[in-house]
Amino acid sequence: MLNLGWGKVGMVDIGLNLGSAADVGARLGAKAGSGSADMTMMTQAGTGKRSQRFLRSTYKLTLAFAGLSLVALNAALIWQEGLSRPMIASLGASIACVVLGFAILRLIESKTAAEAQVLENQRRFDMAFAGARCGIWDWNLQENRVFWSSAMFDMLGRRPPSRRLTVAEIRDMLHPDDVRALDEMMAAPRRASRSYDVTFRLQHVDGTWIWLHAKGQVWNEPRLQGERLVGLTIDITEQKLAEARERQATERLRDAIESTGEAFILVDAEDRLVICNSKFREFLGLLESDVAPGATLDDVIEATGMLDTWVGKTDENGIREIRLEDGRWLQISQHETKDGGQVSVGTDITAIKNQESELTRNQAELRKTVMDLEQSRMKLQDQARQLVELAEKYAAEKTRAETANRSKSEFLANMSHELRTPLNAIIGFSEMMEAQLFGPLGAPKYEEYSSDIKASGQHLLDVINDILDMSKIEAGRMTLELETVDIKDIVEESLRLVSGRADIADVKLRNNVEINVPAQADKRAVKQVLLNLLSNAIKFTPAGGEVRITADAAGGEDLLRVIVEDTGIGIPKAALAKLGRPFEQVENQLSKKHNGTGLGLALSRSLVEMHGGALGIDSEEGLGTRVFFTLPAETLH
């Protein structure tokens, strides 16, 4: 029974120790495996504490029960066998075991509390490192293995492995351009400082690159007889991104300053050059070596030889103007910066200065011009009064001339009508005499005279008819009798009427009219136009020549154009402008070789225009003449 009691006590003791060891080992293993100081870890820690309190209470009750059982067992033995020295010794040993058990339990509780405090400190340590984006490196150079704290894995978004990392694994995560960083860390033991300070990039699990700054030193461990590189690694990605943004902003600012068309210079509070652009060097004739950053403003301006010119008074807006040695003008605008420096911007105002000078000259000339204009105005007023008087006289004379012209037209119209009656009798009697209707005239000469009388009377009648028609048109008494006509039929009739004259002149007539378009027109007027044009063409075409007449649609289908062409003597270009006016002829009365009054073209033009058309003439001297007229679309069907 004594042996059983010791055995039970020993088992309890062993169970307590194993339980404590297992609990600590489990917590240490969990700590090493998790590597994250987060809310999950804190929850697990709270749960572990409650479990430990429950186990300690269970252990205490079990130990108390076992102690009471031993004491009761020894008391029963003493009651049965009596008090003896061995029994007293056994009772003392049992009490000693119970006391020892409680002492061991207390020792275990103290050890567990210490381990819990260590774990709590480790958790706080890890949380602080994780919050600061900072991790620990412990590189055992002898084993060539690297320990990373949990914060290191957190920064890279990776799960901590169950073993330490190899250098090859770290190289796989290292940026290709930063491989030398590991070589510099490995060279730390050979340096006098026995330390390292490097910057490199490691790849995050999502593929991005994390910038890290590692700093540490060599640590000798006598127990292991080897060297280790121990240090801190800080995440400086945000710092690197900020530096990149700052560099980009600086480059943009530099490009903006360089691309501006104005001179720019910035100096600090100590009047030392910070930055300037190429326009500043160009305006002041400086070399790049003259404007190195850090040079004093006085040295820069002195290099230009314009120190006295540059240093001058400014207005209330910080603006002044200086004149360069090459004659150009700069407007300098100066403003202080918040740190006590000064920024100056120079604008080329040479053009403005030249304009001001030109404006001053123009003002003087303008004043002189105004005086001249004032004098001219007075003269113009006098001339205006004279012009008004002349205009009034002109209007009166014009009215008188128009009245006289109308009177003339009316007179000619009346007289032409009066002249027609006797001419018809003369022509009729001369034709009877020429035909000898009442017997022979006697002498042959009378026959010749009667033919001359007939020809002269016919010519005079034609002239009177033209004058009558022209007078009617000018007097507004000519009216058109519109009817449906065929231009092809009118052309054929006109050619038949002039064919005899063409045969006598040995001129060929060609009818090339193929278009057959009905039109609303005055048949007599259109025929008269064609007869005038054909007669002129035959008259001015030498023997063996040719007269052609064609028709086509001009301007799409809007116009009908009739063209009369000849191979005659042509018309000089200087004389084309006056053709078509009444009584205008190319030949004068002394040199003319052909009969005519100059009314044919004028009458033809007026008749065409009364239809709403137009008449035109193209001619080249020695080659021939081309006359055309048009009838507008509203007369076509």
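Worth saying up front: this structure is predicted, and the values here are computed from it rather than measured.
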Just distance, no hydrogens or angles: give the donor-acceptor pairs under 3.5 Å from side chains in residues 247-255, sequence neighbours left out.
unit_1	atom_1	unit_2	atom_2	d
Thr250	OG1	Glu246	O	2.7

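Counting non-hydrogen atoms of neighbouring residues, nucleotides and ligands closer than 6.0 angstrom, the CD atom of Gln363 exceeds 12 such neighbours. In Glu358, the CD atom is crowded: over 12 heavy atoms of neighbouring residues, nucleotides or ligands sit closer than 6.0 Å. Atom CD of Gln217 sits in a sparse spot, with 12 or fewer heavy atoms from other residues, nucleotides or ligands closer than 6.0 Å. The 12-atom threshold is exceeded at CZ of Arg194, counting heavy atoms of other residues, nucleotides or ligands nearer than 6.0 Å.
Two residues are said to be in side-chain contact when any heavy atoms from C-beta on lie closer than 4.5 Å; His213 and Asp197 meet this criterion. Using a 4.5 Å heavy-atom threshold, the side chains of Asp552 and Ile563 count as touching. Residues Val388 and Arg385 have side chains not in contact (no heavy-atom distance under 4.5 Å, counting atoms from C-beta outward). Put simply, the side chain of Thr260 does not reach to within 4.5 Å of the side chain of Lys279, judged on heavy atoms. Between Thr166 and Arg145, the closest side-chain pair of non-hydrogen atoms falls below 4.5 Å. Annotation: side chain of Asp566 is not in contact with side chain of Phe540 (no heavy-atom distance under 4.5 Å). Considering only heavy atoms from C-beta on, Thr567 comes within 4.5 Å of Arg548 through its side chain. Residues Leu603 and Val529 fail the side-chain proximity criterion, which asks for heavy atoms closer than 4.5 Å.
Under the side-chain contact (heavy atoms from CB on, under 4.5 Å) test applied with Asp268, the options Leu273, Leu297, Val274 reduce to a single match, Val274. Of the residues listed (Phe200, Trp211, Trp209), the one engaging His175 in a ring pair (Phe, Tyr, Trp, His ring centres under 6.0 Å) is Trp209, and it is the only one. Put simply, the residue from Asp178, Thr208, Ile210, Thr237 that forms a side-chain contact (heavy atoms from CB on, under 4.5 Å) with Arg201 is Asp178.
Formation of a donor-acceptor pair under 3.5 Å by the Thr233 side chain with backbone atoms of Ile136 is not found in this model. Between the side chain of Thr630 and the main chain of Ala614, a donor-acceptor pair closer than 3.5 Å is present. Of the possible polar contacts, one joining the Ser619 side chain to the Gly624 backbone as a donor-acceptor pair under 3.5 Å is found. Remark: the backbone N or O of Leu287 is paired with a side-chain donor or acceptor of Asp290 at under 3.5 angstrom. Remark: side-chain polar atoms of Glu620 are not paired, donor with acceptor, to backbone N or O of Gly570 under 3.5 angstrom.
Annotation: the span from Ser376 atom OG to Met371 atom CE amounts to 11.5 Å, rounded to 0.5 Å. Atom OG of Ser606 sits about 9.5 Å away from atom CG of Leu615, to the nearest 0.5 Å. Between the OH atom of Tyr196 and the NZ atom of Lys215 there is a distance of 11.0 Å, given to the nearest 0.5 Å. Here OG1 of Thr199 is found 4.5 Å from CD1 of Ile236. Values are rounded to the nearest 0.5 Å. Here the CG atom belonging to Asp235 is positioned 8.5 Å from the CG atom belonging to Leu156, to the nearest 0.5 angstrom. Rounding to the nearest 0.5 angstrom, the gap separating the CE atom in Met155 from the OG atom in Ser149 is 6.5 Å.
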*Start with the C-alpha gap between Val564 and Thr625, add the side-chain angles, then the distance that decides, and say whether side-chain contact (heavy atoms from CB on, under 4.5 Å) holds.*
CA-CA 8 Å; Val564 177; Thr625 303; over 6 Å; no
_Show, in sequence, the C-alpha distance, side-chain angles and deciding distance for Arg245 and Leu241, and conclude whether the side-chain contact (heavy atoms from CB on, under 4.5 Å) test is met._
CA-CA 6 Å; Arg245 288 192 294 268; Leu241 293 177; 3.7 Å; yes
*Do Glu288 and Arg281 pass the side-chain contact (heavy atoms from CB on, under 4.5 Å) test, and can you show the C-alpha distance, the side-chain angles, and the key distance before you say yes or no?*
CA-CA 8 Å; Glu288 290 190 11; Arg281 300 196 306 270; 3.8 Å; yes
*Kindly determine whether Val167 and Trp139 satisfy side-chain contact (heavy atoms from CB on, under 4.5 Å), including the steps that lead there.*
CA-CA 9 Å; Val167 177; Trp139 187 348; 3.4 Å; yes
_Worked verdict on Gln331 versus Thr347 for side chain to side chain donor-acceptor pair (under 3.5 Å)_ = CA-CA 5 Å; Gln331 184 184 72; Thr347 305; 5.0 Å; no
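Closest approach of Gly135 and Ala151 over heavy atoms only: CA-CB, 4.2 Å. Here the shortest heavy-atom pairing between Thr350 and Trp329 reads OG1-N, 3.0 Å. Scanning both residues, Arg164 and Val146, for their nearest heavy atoms gives CB-O, 3.5 Å. Between Glu143 and Asn140, the shortest heavy-atom contact is N-OD1, 3.2 Å. Closest non-hydrogen pair, Ala188 versus Ser195, comes out as CB-O, 3.5 Å. Between Gly346 and Leu330, the shortest heavy-atom distance links the atoms C-CD2, 4.3 Å.
Using a 3.5 Å distance cut-off with no hydrogens or angles, the side chains of Thr296 and Asp298 do not pair a donor with an acceptor.
Residues Glu321 and Lys353 are paired through a salt bridge, judged by an N-O separation under 4.0 Å between the basic side chain and the carboxylate. Ion pairing between a basic and an acidic side chain is recognised when a charged N comes within 4.0 Å of a carboxylate O; Lys368 and Glu365 show no such pairing. The residues Asp183 and Arg190 are annotated as not salt-bridged, no charged nitrogen and carboxylate oxygen being separated by less than 4.0 angstrom.
Qualifying ring pair (Phe, Tyr, Trp, His ring centres under 6.0 Å) partners for Trp148, counting only residues two or more places apart in sequence or in other chains: Trp137, Phe153.
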